Amino acid sequence: MVSRNAYIVGTGHSVPEGVITNADLEKIVDTSDEWITSRTGIKERRKADDDTGSSDLVAEAVSDALEMAGWEPEDVQGIIVGTVTPDYPFPSTAAIVADRLGMGRIPAYDFEAGCTAFIYGLIQAKAFVESGMMDRMIVVGADCLTRITNWDDRGSCILFGDGAGAVAVSSRGPGGRLGGWHWGSDGSLGQHLIQKAGGSKRPASHETVDRNEHTIFMNGSRIFKHAVRAMHDSCMEALKKDGTEKSSVDLLVSHQANLRIIDATARALELEPEQVFINIQKYGNTSAASIPIALDEAYRSDAIGESSTVVLAAFGAGLTWGGMILHW
């Protein structure tokens, strides 16, 4: 059997124009620019307007990725979107975007893995492409977290922003070859990062709305502790599966959740500051979108070269975690 590989051959992203600065947040909760910056590294985040949904950002990000790949919409054989903020519970955001962009009647579905969703999506695409089931796929991470932010919670409302990022994955290079990977979850910890209402367990009611249960609840201290360990372990497992040493890593593109978590992961990989791509100061935590947005910016800014080894790492609701090695 001829061995097949999967390559990232196009990247794209989209963020809304609306900006929420730390100074803006000082007006609504008891916080300060110094407090937010020192604990998270965030200076501002993007917020979609009332007429913009996740599908609008996804369509723009996918269009950019298609252009870089040199694909027409009808060339795509499947599109998957990782998100916790779809336009609707159904139909899927992926199906909406496939129709909007003219991809035809292809497989299109959403999936949920919190902030780890993009890595989960890449692992799925790798399996589809390397098995021969597909040759050209689109993988998207997208969230409008400001739609479900609790603006009364000073510990979490400072973190979240909106955005989408997309990649085109092909059976033919050149590009970023999808290499070793790792993923996992621990549902016993799920209550520490949860949207308590809006699903079948606790449907929408006056009570759930009054209690702000349709917004994000996060136990920050517990999440921080597990995130640092899980992201480190995912990186190490992905490198081991790939057969790559830490010393060969050129760049870390991590989930942009908190600067201290990114720094801890970089130290575990023994990387210098210039080997870590960071854009959390501009966008905050965009959940599933954070890695593909950062990956697109890193590639377009030449932070990723023609022979770069890149490590992706994420941690999110579920609780979930994952890592993947890319070889350009």
Side-chain angles (χ1 to χ4, degrees), residues 13-16 45-48 52-59 61-62 79-97 108-124 139-151 153 156-166 183-187 189-204 208-209 212-220 223 226-227 230 255-258 283-294 314-322:
H13 82 273
S14 175
V15 293
R45 64 289 290 151
R46 299 299 182 94
K47 184 180 187 301
T52 299
S54 292
S55 68
D56 300 301
L57 300 177
V58 170
V62 170
I79 177 171
I80 58 177
V81 177
T83 183
V84 297
T85 58
D87 285 14
Y88 316 103
F90 54 88
S92 72
T93 301
I96 292 169
V97 171
Y109 64 89
D110 295 353
F111 63 95
E112 182 181 321
C115 303
T116 318
F118 181 70
I119 290 178
Y120 270 46
L122 286 183
I123 294 170
Q124 293 176 72
V139 179
V140 184
D143 275 308
C144 288
L145 289 187
T146 65
R147 294 287 200 266
I148 57 171
T149 294
N150 182 352
W151 296 104
D153 180 4
S156 66
C157 74
I158 63 175
L159 301 174
F160 303 119
D162 304 336
W183 55 354
S185 71
D186 186 348
L189 300 170
Q191 295 297 312
H192 295 296
L193 182 54
I194 187 172
Q195 183 181 341
K196 296 181 179 180
S200 61
K201 185 76 171 179
R202 195 161 171 77
T208 62
V209 172
N212 250 341
E213 292 181 344
H214 295 266
T215 60
I216 299 167
F217 168 81
M218 184 175 71
N219 182 339
I223 294 299
H226 289 289
H255 170 46
Q256 307 287 304
N258 181 301
Y283 305 127
N285 180 348
T286 56
S287 187
S290 76
I291 288 181
I293 290 173
F315 179 90
L319 300 176
T320 61
W321 53 84

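Keep in mind the model is a prediction, meaning the values are calculated, not measured.
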- Message: Phe111 vs Ile80, test: side-chain contact (heavy atoms from CB on, under 4.5 Å). Steps then yes/no.
- Response: CA-CA 7 Å; Phe111 63 95; Ile80 58 177; 4.0 Å; yes
In Å and rounded to the nearest 0.5 Å, what is the [atom1] to [atom2] distance from [X] to [Y]?
X: Asp87; Y: Thr52; atom1: CG; atom2: OG1; answer: 10.0 Å
X: Arg46; Y: Thr286; atom1: CZ; atom2: OG1; answer: 11.0 Å
X: Asn258; Y: Phe315; atom1: CG; atom2: CZ; answer: 12.5 Å
X: Ser287; Y: Asp162; atom1: OG; atom2: CG; answer: 10.5 Å
X: Leu189; Y: Ile223; atom1: CG; atom2: CD1; answer: 7.5 Å
X: Ser54; Y: Tyr88; atom1: OG; atom2: OH; answer: 11.0 Å

Residue pair [X] / [Y]: nearest heavy atoms and the distance that separates them:
X: Arg202; Y: Lys196; answer: CB-O, 3.6 Å
X: Ala314; Y: Cys115; answer: CB-O, 3.8 Å
X: Ala288; Y: Gly114; answer: CB-O, 3.8 Å
X: Cys144; Y: Leu57; answer: SG-CD1, 3.8 Å

[X] (side chain) donor-acceptor with [Y] (main chain) under 3.5 angstrom:
X: Arg45; Y: Ile158; answer: yes
X: Thr146; Y: Lys47; answer: no
X: Thr208; Y: Ala204; answer: no
X: Arg147; Y: Ala48; answer: yes
X: Asp143; Y: Val84; answer: yes

Looking at side-chain heavy atoms only, is the closest gap between [X] and [Y] below 4.5 Å?
X: Phe217; Y: Asn150; value: no
X: Asp153; Y: Ile216; value: no
X: Val140; Y: Pro292; value: no
X: Met218; Y: Leu159; value: yes
X: Val97; Y: Val81; value: no

- Query: Can Phe118 and Val139 be said to form a side-chain contact (heavy atoms from CB on, under 4.5 Å), step by step?
  - Reply: CA-CA 7 Å; Phe118 181 70; Val139 179; 4.0 Å; yes
- Query: Would Thr116 and His255 count as having a side-chain donor-acceptor pair, cut-off 3.5 Å?
  - Reply: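 Checked: Thr116/His255 side chains show no N/O donor-acceptor pair below 3.5 Å.
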- Message: Within the 3.5 Å criterion, strictly below it, is a donor on Asp110 or Thr83 matched to an acceptor on the partner's side chain?
- Response: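 The answer is no; no qualifying pair exists.
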- Message: Applying salt bridge (Lys or Arg N to Asp or Glu O under 4.0 Å), can you list everything that pairs with Asp56, at least two apart in sequence or on another chain?
- Response: Arg100
- Query: Who are the side-chain hydrogen bond (donor to acceptor under 3.5 Å, both in side chains) partners of Gln195, not counting sequence neighbours?
  - Reply: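 Counting only residues at least two positions away or on another chain, Gln195 forms no side-chain hydrogen bond (donor to acceptor under 3.5 Å, both in side chains).
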- Among all residues two or more places apart in sequence or in another chain, which pass the side-chain contact (heavy atoms from CB on, under 4.5 Å) test with Ala61?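 By the side-chain contact (heavy atoms from CB on, under 4.5 Å) rule, Ala61 matches Ser14, Ala164, Ala166.
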